[in-house]
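Residue indices begin at 1 and follow the sequence shown. In each ligand, atom 1 is the first atom listed, and ligand 1 is the first ligand listed.
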Amino acid sequence: MNHFLDIHLTDPSDLRQIIDNAAAMKTARAGRPRGALDDDQPLKDRMVALIFEKPSTRTRVSFDVGVRQMGGQTMVLSGSDMQLGHGETIADTARVLSRYVDLIMIRTFDEAVLTEMAEFASVPVVNGLTDRTHPCQIMADVQTFEEHRGPIKGKKVVWSGDGNNVCASFLHAAGQFGFDLTFTGPPTLDPEREFVDLARSKGVKVEIERDPAKAVAGADLVVTDTWVSMHDAQSAKERRHNQLRPYRVDSALMSRAKSDALFMHCLPAHRDDEVTSEVMDGPNSVIFDEAENRLHAQKAILRWCLQV
Ligand code: CP
Ligand code: NVA
């Protein structure tokens, strides 16, 4: 069963095939209206459930559109409207849904919900973000980097800010795709040690540098994300903002990276908190290509899951 649960759980050769396939599918439909079907219809007769226990714009729309372009059908389900949100077990939900649909994509809080869904489903399960990781996002990010700058292998990526779920998937990708990653942020918001150690065990350089100006020296890509994630307590907002303000990505920080360094943000962004509008809308920013590539990368992920 090809579940897509996390980047470090997927074979590097499969990850490479997914990225190359995503790029090829993007090229193949360039210039067509968004609603036009692809020439191939690999998801013909397939039904996909998209479950959201947290808000979403990109994940929700890009999966829905992607499945339709490939000839499949979707149903978007809100966790709170399902019996899942009212006491039915994850295992029973997984077994029931597997009788109706061909694939389940879920965005949830606790990673255990995702892994239990995968354990009991008899169809592939895709991780659409948990409190711990966001693998579909980083597949789109790798595609985006390579589209602009060629192979990501051997490059230097700098993550500035909160060592959160998106940062975790970047660390997983560093190990699998072979790029170096420097984290810069306050010690209390470091990425999980387990993720850092895993990347290092695969032979890539992972550095923790408290000084953001030093961290970005020589960077090929600078990335940040919101300072308060959906699973973080709103009561922590003010403290987090105070801790993270020195790690805001602004033009002065970008000017210390390589002159052709790209800027990425998974979005949604809080303009002028974690990144200035000047950087977001500046010449090095590829944030909207990144958002578009969620569509192409996820279509390739779905094809890999279903082997179609
Ligand atoms: N980047 C991302 O996953 O966006 P959404 O929360 O809008 O899906
Ligand atoms: N770190 C953010 C990513 C949103 C796509 C969150 O989990 O809220």
Side-chain angles (χ1 to χ4, degrees), residues 4-7 22 48-67 74 76-79 105-114 126-145 157 159-173 181 183 185-186 188-192 195 221-237 240-241 243-244 247-249 263-271 273-275 280 285-299 301-302:
F4 189 75
L5 300 181
D6 266 320
I7 289 179
V48 175
L50 306 171
I51 305 174
F52 290 90
E53 296 195 299
K54 288 176 176 170
S56 168
T57 296
R58 279 143 288 269
T59 307
R60 182 183 173 129
V61 178
S62 57
F63 265 109
D64 200 343
V65 170
V67 171
T74 58
V76 180
L77 303 162
S78 146
M105 191 290 309
I106 181 164
R107 165 170 288 193
T108 188
F109 289 86
D110 190 344
E111 184 179 61
V113 174
L114 173 82
V126 174
N127 177 357
L129 178 145
T130 70
D131 296 355
R132 260 189 123 198
T133 62
H134 194 5
C136 291
Q137 178 66 55
I138 282 26
M139 292 300 280
D141 293 1
V142 170
Q143 183 190 348
T144 308
F145 184 89
V157 175
W159 180 279
S160 185
D162 180 17
N164 64 13
N165 46 1
V166 180
C167 178
S169 287
F170 248 113
L171 280 164
H172 288 151
L181 192 142
F183 170 82
T188 50
L189 298 175
D190 274 351
E192 285 182 47
F195 297 143
L221 169 62
V222 178
V223 196
T224 190
D225 185 16
T226 180
W227 288 342
V228 186
S229 284
M230 292 181 275
H231 60 273
D232 289 323
Q234 280 302 312
S235 55
K237 185 173 170 182
R240 282 174 160 266
H241 275 234
Q243 283 180 298
L244 286 160
Y247 299 94
R248 167 180 299 145
V249 180
F263 171 75
M264 287 191 196
H265 188 309
C266 66
L267 305 179
H270 299 80
R271 284 177 176 262
D273 282 345
E274 70 268 14
V275 55
M280 280 183 76
S285 171
V286 289
I287 54 174
F288 298 112
D289 291 337
E290 199 186 346
E292 177 185 338
N293 285 338
R294 293 293 303 278
L295 171 68
H296 309 294
Q298 287 160 192
K299 285 169 73 176
I301 290 168
L302 293 174

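- Taking 4.0 Å as the cut-off between side-chain N and carboxylate O, Arg240 and Asp273 do not count as a salt-bridged pair.
- Looking from atom 6 (O) of ligand 1 to the surrounding protein, the closest heavy atom is Arg107 NH1, 2.8 Å.
- With contacts defined as side-chain heavy-atom distances shorter than 4.5 Å, the pair Arg132/Phe195 qualifies.
- Residue Arg58 approaches ligand 1 through these ligand atoms, each under 4.0 Å from one of its heavy atoms: 1 (N), 2 (C), 4 (O), 5 (P), 7 (O), 8 (O).
- Between Ser229 and ligand 2, at least one N/O pair is under 3.5 Å apart.
- At a heavy-atom cutoff of 4.0 Å, ligand 1 is contacted by the backbone of Leu267 but not by its side chain.
- Contact annotation: the side chain of Val65 never approaches that of Arg294 to less than 4.5 Å [non-hydrogen atoms, C-beta and beyond].
- Of the listed residues (Asn165, Asn164, Asp6), just one forms a side-chain hydrogen bond (donor to acceptor under 3.5 Å, both in side chains) with Thr133, and that residue is Asp6.
- Counting protein heavy atoms only, atom 7 (O) of ligand 2 is closest to Asn165 ND2, 2.8 Å.
- Distance from atom 8 (O) of ligand 2 to its nearest protein heavy atom, with residue and atom name: Met230 N, 2.7 Å.
- Between the side chains of Thr224 and Glu274, no donor-acceptor pair of N or O atoms lies under 3.5 Å.
- The distance from ligand 2 to the heavy atoms of Asp225 drops below 4.0 Å at these ligand atoms: 1 (N), 2 (C), 3 (C).
- Side chains of Phe52 and Val76 form a contact here, defined as non-hydrogen atoms less than 4.5 Å apart.
- Using a 4.0 Å cut-off between heavy atoms, Lys54 makes no contact with ligand 1 at all.
- In this structure, atom 2 (C) of ligand 1 lies nearest to the protein heavy atom Arg294 NH1, 3.2 Å.
- At a 3.5 angstrom cut-off on N or O pairs, Arg60 does not count as close to ligand 1.
- Applying the 4.0 Å criterion to heavy atoms of Cys266 picks out, from ligand 1, the atoms 1 (N).
- Under the 4.5 Å side-chain criterion, counting only non-hydrogen atoms from C-beta, Ser169 is not in contact with Met139.
- When side chains are defined from C-beta on, His265 does not count as touching Val249, because their heavy atoms never get closer than 4.5 Å.
- Below 4.0 Å from some heavy atom of Thr57 lie the following atoms of ligand 1, by number and element: 5 (P), 7 (O), 8 (O).
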